Amino acid sequence: MEEEQLTLSQSTPELPPEEPAAEQAETGIWPELLEDFARRELELLNQTYGLELPELAALREEPEGTRVLALFERGVPLPDAYAVVHLAEITAKREQAAKQAALNAVNGRAHLRRTTGVPVQEAAVPAEVYEQYRAMMPGWSDSKIRRSYQEYKKGEM
C-alpha cells in the first residue's frame, strides 16, 4: 500500500525551467492585449454617448467615473457600465432630444402653413370689359363676371 501512495512531487513530472525571454514574451502580450481592449471599449463609449475621453484615466475624473470603472473591472462592457451609472442623465438627454426633434418637425414645415392674412383682392374689371361681358352674357351676375375675368387674367400669367 505504501507503494500505491504517490506524493504530488512524484506524480508530476518536472517542467524545464522557463527561459526569461519566453516569460517576458508571455507576460508582455497580456498588457498589450488589455490595453488594446480598453482602448476599443473607450472608443465605443465615446461613440455611443458622444463623449471625448482621451483615455480611461480621464474617466476617473468624472463625477461617477470610479463607479463606471469598478463595473468595467468586474467584466461589464464599458458602454453598459456607463449606461448603468448614468441612466437618469441619458434618459433625460434622450427625452430632450425627442422633444426637440418633434419641435423641429413641426417648425420645419411652418412655411407651408396657411397664413391668416387678408385674402388677395381681385383685380377690378375695367368698365369697358364689363360692358362687353354684359353685352355678350346678359344673364350673368356681377360676381360671375368678376370670376370669369379673374380666370381670364390667371390664364394670361
Side-chain angles (χ1 to χ4, degrees), residues 1-125 143-157:
M1 191 139 204
E2 290 176 21
E3 293 175 15
E4 292 178 9
Q5 291 182 348
L6 297 174
T7 62
L8 184 59
S9 63
Q10 291 174 341
S11 64
T12 310
E14 287 194 31
L15 297 173
E18 293 187 24
E19 298 177 22
E23 187 176 311
Q24 285 178 353
E26 285 181 17
T27 58
I29 197 161
W30 284 111
E32 289 176 22
L33 288 174
L34 290 174
E35 185 178 315
D36 185 49
F37 175 73
R39 183 185 46 77
R40 282 186 278 132
E41 286 287 307
L42 184 63
E43 286 175 6
L44 186 59
L45 175 69
N46 286 336
Q47 285 177 346
T48 304
Y49 297 108
L51 303 175
E52 296 180 6
L53 298 171
E55 56 187 20
L56 280 178
L59 194 56
R60 289 192 196 283
E61 297 169 10
E62 295 285 320
E64 297 290 332
T66 53
R67 289 180 56 203
V68 173
L69 289 173
L71 289 171
F72 179 58
E73 288 169 358
R74 290 186 187 132
V76 177
L78 193 56
D80 295 346
Y82 187 87
V84 167
V85 172
H86 295 93
L87 183 62
E89 295 169 33
I90 293 168
T91 304
K93 283 182 183 178
R94 287 186 178 165
E95 286 176 2
Q96 181 60 33
K99 286 178 187 176
Q100 189 61 46
L103 287 173
N104 290 348
V106 169
N107 293 332
R109 295 187 208 102
H111 66 282
L112 300 175
R113 282 193 222 135
R114 260 187 217 278
T115 60
T116 58
V118 179
V120 177
Q121 289 187 351
E122 301 174 348
V125 180
S143 63
K144 183 146 182 157
I145 292 172
R146 280 194 303 272
R147 279 194 309 261
S148 176
Y149 183 74
Q150 293 299 322
E151 289 177 18
Y152 165 76
K153 290 303 268 183
K154 283 182 186 177
E156 282 186 350
M157 293 180 175

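Nothing here was measured: the structure is a model prediction, and the numbers come from that model.
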Item to check | Nearest heavy atoms of Ala81 and Val68, plus distance in Å | outcome: CB-O, 3.7 Å
Next on the checklist: Let me confirm one number: the NZ-CD distance from Lys93 to Gln96, rounded to the nearest 0.5 Å.
Outcome noted: 11.5 Å
Checklist outcome for this item: Nearest heavy-atom contact between Leu69 and Arg60 is CD1-CG, 3.2 Å
Next on the checklist: Please verify the inter-ring angle class for Phe72 with Phe37; under 30° counts as parallel, over 60° as perpendicular, anything in between as tilted.
Outcome noted: parallel
Checklist outcome for this item: Nearest heavy-atom contact between Pro79 and Glu41 is CD-OE1, 3.4 Å
Checklist entry - Of the non-hydrogen atoms in Ala83 and Ile90, which two are nearest, and what is the gap between them? => result CA-CD1, 3.7 Å
Checklist entry - Is the shortest heavy-atom distance from the side chain of Glu62 to the side chain of Leu51 under 4.5 Å? => result no
Item to check | side-chain contact (heavy atoms from CB on, under 4.5 Å) partners for Asn104, two or more places apart | outcome: Gln100
Item to check | Option among Leu44, Leu42, Thr48 that satisfies the side chain to side chain contact (heavy atoms under 4.5 Å, CB included) test with Asn46 | outcome: Leu42
Item to check | Side chains of Val76 and Val84 in contact at under 4.5 Å (non-hydrogen atoms) | outcome: no
Checklist entry - What distance do Thr91 atom OG1 and Glu89 atom CD have between them, rounded to the nearest 0.5 Å? => result 9.5 Å
Next on the checklist: Check this for me, if you would: do Glu43 and Arg39 make a salt bridge, where the nitrogen-to-carboxylate-oxygen distance has to be below 4.0 angstrom?
Outcome noted: yes
Next on the checklist: Any heavy-atom pair between the side chains of Glu35 and Glu32 that's under 4.5 Å?
Outcome noted: no
Next on the checklist: Contact between Leu71 and Arg67 at the side-chain level, heavy atoms closer than 4.5 Å - yes or no?
Outcome noted: no
